[in-house]
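Taking it in order: structure first as structure tokens, then the write-up.
Letters A, B, ... are given to chains in the order of the sequence lines, protein chains preceding strands, and every chain is numbered from 1.
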4 protein chains.
Amino acid sequence: MKGASGTEQRIREAAFRALAEHGYADLTIVDIGDELGQNPSLIYHYFDSKDELLLSMLDVFVDLFVTGVDEEPVHDPEAELRQVVAQLLHPDPVRVQQVMESPPTDIETAMSRVFVELWGHAIWDDDFRAETTALEERVREAITAILRTGIERGEFRPVDPKLTADHLFFLLMQATHTRATTNWETATDRVEEIVDDIIDDIARDD
Amino acid sequence: MKGASGTEQRIREAAFRALAEHGYADLTIVDIGDELGQNPSLIYHYFDSKDELLLSMLDVFVDLFVTGVDEEPVHDPEAELRQVVAQLLHPDPVRVQQVMESPPTDIETAMSRVFVELWGHAIWDDDFRAETTALEERVREAITAILRTGIERGEFRPVDPKLTADHLFFLLMQATHTRATTNWETATDRVEEIVDDIIDDIARDD
Amino acid sequence: MKGASGTEQRIREAAFRALAEHGYADLTIVDIGDELGQNPSLIYHYFDSKDELLLSMLDVFVDLFVTGVDEEPVHDPEAELRQVVAQLLHPDPVRVQQVMESPPTDIETAMSRVFVELWGHAIWDDDFRAETTALEERVREAITAILRTGIERGEFRPVDPKLTADHLFFLLMQATHTRATTNWETATDRVEEIVDDIIDDIARDD
Amino acid sequence: MKGASGTEQRIREAAFRALAEHGYADLTIVDIGDELGQNPSLIYHYFDSKDELLLSMLDVFVDLFVTGVDEEPVHDPEAELRQVVAQLLHPDPVRVQQVMESPPTDIETAMSRVFVELWGHAIWDDDFRAETTALEERVREAITAILRTGIERGEFRPVDPKLTADHLFFLLMQATHTRATTNWETATDRVEEIVDDIIDDIARDD
DNA sequence: CATGAATGAGGATTCATTCAT
DNA sequence: CATGAATGAATCCTCATTCAT
């Protein structure tokens, strides 16, 4: 794998789009080459194998999914909590553009499909599973930190921050999962409704 | 596809076990034949194609996953609600035996893997997606019915039964998903903790 | 690799002919399939890989090269010595037919080419080298046994049987090598001349 | 192909070493580039194709193998005969250094491997076969010349010089061949023993 | 001179599926 | 019912070669 060539990142992004379009079981090197607009064999100048490319492509997903979630100190807990929710459910096209050169047209669909496909692959591949586990922890900890700050400042009720973070986290992940895997069109809305209620409840002033 | 031959069902079950062992992307007709203990060509006497078999195999999963959840009239809402939770998270070996001739050794792992693989496939296959959607609705309605009965009888607080059912449902599905796809060993326990709190809250006598 | 199917042997023979026609560096599975008159993928029902097939094909060469050389007790040392020489340099079509179903048209050319190609491959492959080493020893020992018997019976002069056997063996091998690898058309005749002189010398009655 | 640039010769030598390390069937342009310590594309500035380079590389082998064998008038036939034998079986490191800038560490192994690989390729390539034929003739004639001089001067018995030269030549070639292609470690010693006996016999004073 | 990106043809291997028995 | 031989399409990957810089 070579160094800082832009091509390498372009290949990763092409793999991301191809995965969102074909799924793991059906994804071929030719599909990725098509998406890349170049000869498939070029891929092997930058990656040793299809597996290595796909593992490396996880980075693209991670960047899209959690960049910004856990980077800043917490200023306004409730606003930030709601923003994390929004970010996980509805990727901001502007931020996506900063991370990805040529994002897919429908980024929400692409993200949820890729999420399901990558997590599904993690069942069988230890390297992948290490990444999925780490990514989930990162998100849960980010939410925990926001909750903790809110509680310390008295803006949130004194709930168990880790437990509540996990609770929210489970709901958000499942929203993404159901969106990709069923015809229940309003599932995401439903999750948002539930999550909003929970946040309202935590943040309520009583 | 021929009639209700025992062989046909044995093939479906073999496909289920093979899927739990290899995953969708890696599943071959030979794998299924191995699991069946017979020549792979035999499968084509009963099913027109691999795809048809796998679609048909969804029935095995449905039987395992929801049989019993929605069949009886509701007697004791809280007990039955807790039992639905238990059933979705921890398949009862006795009941599994009634539905499946040769279940896999570790049925919890098998169930959660197959769940993720089948739902993942539903992204790409409309027939599958119709089934996943219907199955989810069936579970959500079963929970809704229990909640509604409990509320009518005054045993539960007057929550929105559909909303709460969806809430519980999302958590239960995500437990299965996280169990299969990450190294977070105690995720299922965590969901049970959260779900128990919710049920306690609904059923609380105040 | 399956058992006693005739197809397996037919594949080995096809590989032999294809090797004689294309050489090791240029030998493809498609070439072997062509020679076999069947689809190349059939080969993989009988052999795990091209390498495994080619190793197994060594047996065909061994059968052709040394069968009969070392099987019988020695009756007439000089005649048998001359016959071994003849066999190694000029395979008898009748005997070839017994060992091989469809031998190549020009068996002498084929044998010497295959010899050079297989021995060349033995440089890089330990399994092959074990076979070439064993085969050479078998031939040298067969010649040694004939010489020893002739000496014991007083029909040969009391030469060192092992040394003389090696001497004859080196010349015979090189005849095959030079025949395949140069334009020196009469090299084999030249070796026969030299070998005949040596045998005359050993068997001379003085 | 450009002129007599030093780089051109360095490429030929790199090809020689790469051939000794990988074998013909496995030799890639990248291997040669690695051995050269430079970018493989550079090779195409000096040679039109891999085939052309390898044909040109034969010169390196010829230089190593026969330089000195046939250049001088004969002074001491027996000594010179023994020296030709020694040179063909055990390349002198000093002389190798004069012909090759960076010879491989184990020159004997390299020489015998390259010999087998090149001669093997000569089966399939007329240009190569012309070279192998010419080289062999040159060696045989050099030996013949020495023998003839020895006989004329009465230092050797009046054997047929061409026949004896071929005899010695066959043995020497086969020593190289067996050394590279089998595990018979002492084959070269064995050939030397036989060849020494022959020379002793020719040179004997009776 | 020298590099490295890029191409395209070819090769080994896998696998769903068919068919004769 | 059941087997196993056989096919052919598809897939991953390699590698000689070209070209822009």
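- A straight line from CD of A:E52 to C1' of F:dC12 spans 15 Å, rounded to a whole angstrom.
- Distance CG (C:D34) to C1' (E:dA12): 15 Å, rounded to an integer number of Å.
- When the nearest nucleotides of DNA chain F are assigned to D:P40 and B:L42 by heavy-atom distance, the more 5′-ward of the two goes with B:L42.
- Results of the side-chain hydrogen bond (donor to acceptor under 3.5 Å, both in side chains) test with C:R129 over C:T132, C:D126, C:D125 single out C:D126 as the only residue that passes.
- Mapping A:G37 and D:Q38 onto DNA chain E by nearest heavy atom places D:Q38 closer to the 5' end of the strand.
- Between the side chains of D:S49 and D:D51, no donor-acceptor pair of N or O atoms lies under 3.5 Å.
- Within the structure, a side-chain polar atom (N or O) of C:Y46 is placed less than 4.0 Å from OP1 or OP2 of F:dA6.
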Pairs: protein N or O with nucleotides 14-16 of chain F N or O, under 3.5 Å:
from   : atom 1 : to    : atom 2 : distance (Å)
F:dA16 : OP1    : D:L27 : O      : 3.4
F:dA16 : OP1    : D:K50 : NZ     : 3.0
F:dA16 : OP2    : D:I29 : N      : 2.9

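- One P atom belongs to E:dC1, the other to F:dT21, and the distance between them is 22 Å to the nearest Å.
- Judged by distance alone, with hydrogens and angles left aside, the side-chain atoms of D:E13 form a donor-acceptor pair with the main-chain N or O of D:E101 at under 3.5 Å.
- Across the protein-nucleic acid pair, D:L54 atom CG and F:dT17 atom P stand 10 Å apart, rounded to whole Å.
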Can you run through DNA chain E from 5' to 3' and write each base as (, ), [, ], | or . depending on how it pairs? Watson-Crick or G-U wobble, both distances under 3.5 Å.
.||||||||||||||||||||
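- Atoms CD1 (C:I43) and C1' (F:dG8) sit 14 Å apart, rounded to a whole Å.
- With rounding to the nearest 0.5 angstrom, the CD atom of D:E8 is 9.5 Å from the CG atom of D:L53.
- B:L58 contributes atom CG, which lies 8.5 Å from atom CG of B:L54 (distance to the nearest 0.5 angstrom).
- Taking atom OH of residue B:Y24 and atom C1' of nucleotide E:dA16, one finds them 13 Å apart after rounding to whole Å.
- Per the geometry, NE2 belonging to A:H22 stands 14 Å off C1' belonging to F:dT11, to the nearest Å.
- Ring geometry for C:F128 against C:Y24 counts as perpendicular: the plane angle is over 60°, on a 0 to 90° scale with 30° as the lower cut.
- C:H121 NE2 to D:T181 OG1: the interatomic distance, rounded to the nearest 0.5 Å, is 13.0 Å.
- To the nearest angstrom, P of E:dA2 lies 17 Å from CD1 of D:I32.
- Here the P atom of nucleotide F:dA6 and the CG atom of C:L36 are 9 Å apart, to the nearest Å.
- Side-chain atoms of A:W124 and B:E117 form a donor-acceptor pair, as typed in the model, at a separation below 3.5 Å.
- Salt bridge annotation for C:E21-C:R17: absent, with no cationic side-chain nitrogen under 4.0 angstrom from a carboxylate oxygen.
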